[in-house]
2 protein chains.
Amino acid sequence: MARKRFDDSSCSVARALNEVGDWWSLLIVLHAMYGTRRFVDFQQQLGIAKNILCDRLARLVDNEVLRKEEVGEHGSRFEYRLTEKGRDLFPVVVALRQWGDKWNPAPDGQPLDLRDRDTGEPVQTVTVRNAQGEPMSIRDVFVAEDLDGTSKSA
Amino acid sequence: MARKRFDDSSCSVARALNEVGDWWSLLIVLHAMYGTRRFVDFQQQLGIAKNILCDRLARLVDNEVLRKEEVGEHGSRFEYRLTEKGRDLFPVVVALRQWGDKWNPAPDGQPLDLRDRDTGEPVQTVTVRNAQGEPMSIRDVFVAEDLDGTSKSA
DNA sequence: CCAATAGGGTTGCATTTTAAAACCAAATTG
DNA sequence: CAATTTGGTTTTAAAATGCAACCCTATTGG
């Protein structure tokens with residue numbers, strides 16, 4: 001049967017995955033963050049089928065993660081650019097990249113590639129922090145309101 | 001044709017998505033973080049088909065995100081518990097949750113539910129930080145080694 | 001000016017995945 | 001010892017995916 005969707009889930013992670021939780025969408029966002037804007041460039045860089053790319057781009061535009069802009073002077077050339085909502089996925093993408101680098105390093109190892117534009121220093125590992133700015137593990141946390149309304153320990 | 005997999009992609013985000021990038025896996029990890037350990041509990045809380053849950057749990061175990069432990073005294077009762085690799089997805093899940101809360105808030109709004117176990121204060125928004133600990137946007141960053149080996153601006 | 005090519009898609013079709021429900025087997029409960 | 005719980009596997013239909021083949025609108029080249 002059809003894939004289950006989570007549009008109306010009370011869980012915001014489920015709703016988020018509804019928008020960017022498939023195999024391609026987050027990779028498209030990633031490449032958009034790297035500067036890719038054109039249909040053909042996405043297609044070649046990702047090796048994605050054109051119809052799937054069409055579908056994903058349209059869905060990302062619908063969800064206001066990307067914005068489609070006409071750039072051909074008098075023709076039909078488009079650019080897909082991140083919206084603020086899309087750029088706001090930056091921590092998600094970086095956290096995922098760092099996780100992948102840590103636990104599934106590339107055979108030819110290129111561990112961390114994001115650097116501060118001003119200083120040239122690598123960015124920190126993305127962590128959850130408490131109000132004092134100290135890194136927290138999952139054990140340092142509890143859930144005030146739960147998925148189902150019942151309070152649970154993390 | 002079959003879904004394309006990214007096992008050998010040079011992009012660590014692609015490799016990460018290969019392990020937890022489908023609709024269900026990250027939700028399973030999320031619930032595991034909330035304390036769920038049993039097959040039936042995952043099934044009921046997620047509303048997932050049993051065969052899909054079997055498959056996802058097995059894949060997560062294969063990828064060492066979860067560990068399957070026999071807990072029945074002399075029977076076949078199992079618990080699926082997060083490994084260190086799985087717990088390390090904490091920042092990813094929190095970042096995604098915060099993104100979902102910000103951009104797709106639940107109609108009945110329960111904005112942020114993670115709190116410091118010691119102080120009871122909410123956790124900070126997950127951000128990318130430079131070496132000095134200052135939050136960075138995507139514009140503050142450049143890519144030293146790129147997906148394809150060619151340097152690109154972010 | 002006309003042909004060739006590039007950008008951005010859409011359409012068909014075969015192959016996988018997914019979801020739901022039925023079925024199963026071991027262990028535990030009543 | 002029958003019913004139930006846990007943790008699955010099997011079957012079947014509906015979607016999603018990937019590929020190739022088209023299509024239409026510019027722009028380029030000769």
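Everything quoted here is computed from the prediction, not taken from an experiment. Numbers restart at 1 for each chain; the letters A, B, ... are given by sequence-line order, proteins then strands.
Minimum atom distance to the side chain of B:Lys50 is reached by C:dC23, of the listed C:dC23, D:dG18, C:dG9. In this structure, the nucleotide among D:dG8, D:dT17, C:dT18 sitting nearest to the side chain of B:Arg56 is C:dT18. Distances were taken from every side-chain heavy atom of A:Asn51 (C-beta onward) to each of D:dG18, C:dG9, C:dT28; the shortest belongs to D:dG18. With C:dG7, D:dG7, C:dG9 as the candidates, the nucleotide lying closest to the side chain of A:Arg38 is C:dG7. Closest contact between the side chain of A:Tyr80 and the listed nucleotides C:dG9, D:dG18, D:dG8 involves C:dG9. Comparing atom distances between the B:Phe39 side chain and each of C:dG9, C:dA19, D:dG7 picks out D:dG7 as nearest. In this structure, the nucleotide among C:dG8, D:dG8, C:dA27 sitting nearest to the side chain of A:Arg77 is C:dG8.
Proximity of A:Glu64 to A:Glu84: side-chain heavy atoms (C-beta onward) are nowhere separated by under 4.5 Å. Side-chain contact check for B:Lys102 versus A:Asp88: some heavy-atom pair is nearer than 4.5 Å. Taking the side chain as every heavy atom from C-beta outward, B:Arg129 and B:Glu134 never approach each other to under 4.5 Å.
Phosphate proximity of D:dA16 to A:Trp23: absent, as no side-chain N or O sits under 4.0 Å from OP1 or OP2. Considering only side-chain N and O atoms, B:Trp24 lies nowhere under 4.0 angstrom from the phosphate OP1 or OP2 of C:dT17.
Between B:Arg59 atom CZ and C:dT16 atom C1' there is a gap of 12 Å when expressed in whole angstrom units. Atom CG in B:Leu57 sits about 15 Å away from atom P in D:dT6, given to the nearest Å. The separation between B:Asp41 atom CG and D:dT5 atom P is 13 Å, rounded to whole Å. Atom-to-atom, CD1 of A:Ile48 to P of C:dG8 comes out at 15 Å; the value is rounded to the nearest Å. Atom pair A:Glu69:CD and C:dG7:P shows a separation of 19 Å (rounding to whole Å applied). Remark: P of C:dT17 and CG of B:Asn18 are 12 Å apart, rounded to the nearest angstrom. Here the P atom of nucleotide C:dT28 and the CD atom of B:Glu70 are 11 Å apart, to the nearest Å. Between the CG atom of B:Asp22 and the P atom of D:dA16 there is a distance of 15 Å, given to the nearest Å.
Between B:Ala49 and A:Gln44, the one whose closest nucleotide on DNA chain C sits nearer the 5' end is A:Gln44. Projected onto DNA chain C by closest heavy-atom contact, B:Asp55 and A:Val40 fall at different nucleotides, the more 5' of which corresponds to A:Val40.
Within 4.0 Å of B:Phe42, counting heavy atoms only, lies no atom of the nucleic acid at all.
For the pair B:Asn63 (side chain) and B:Leu60 (backbone), a donor-acceptor distance under 3.5 Å is absent. Between the B:Gln124 side chain and the A:Asn130 main chain, a donor and an acceptor come within less than 3.5 Å of each other.
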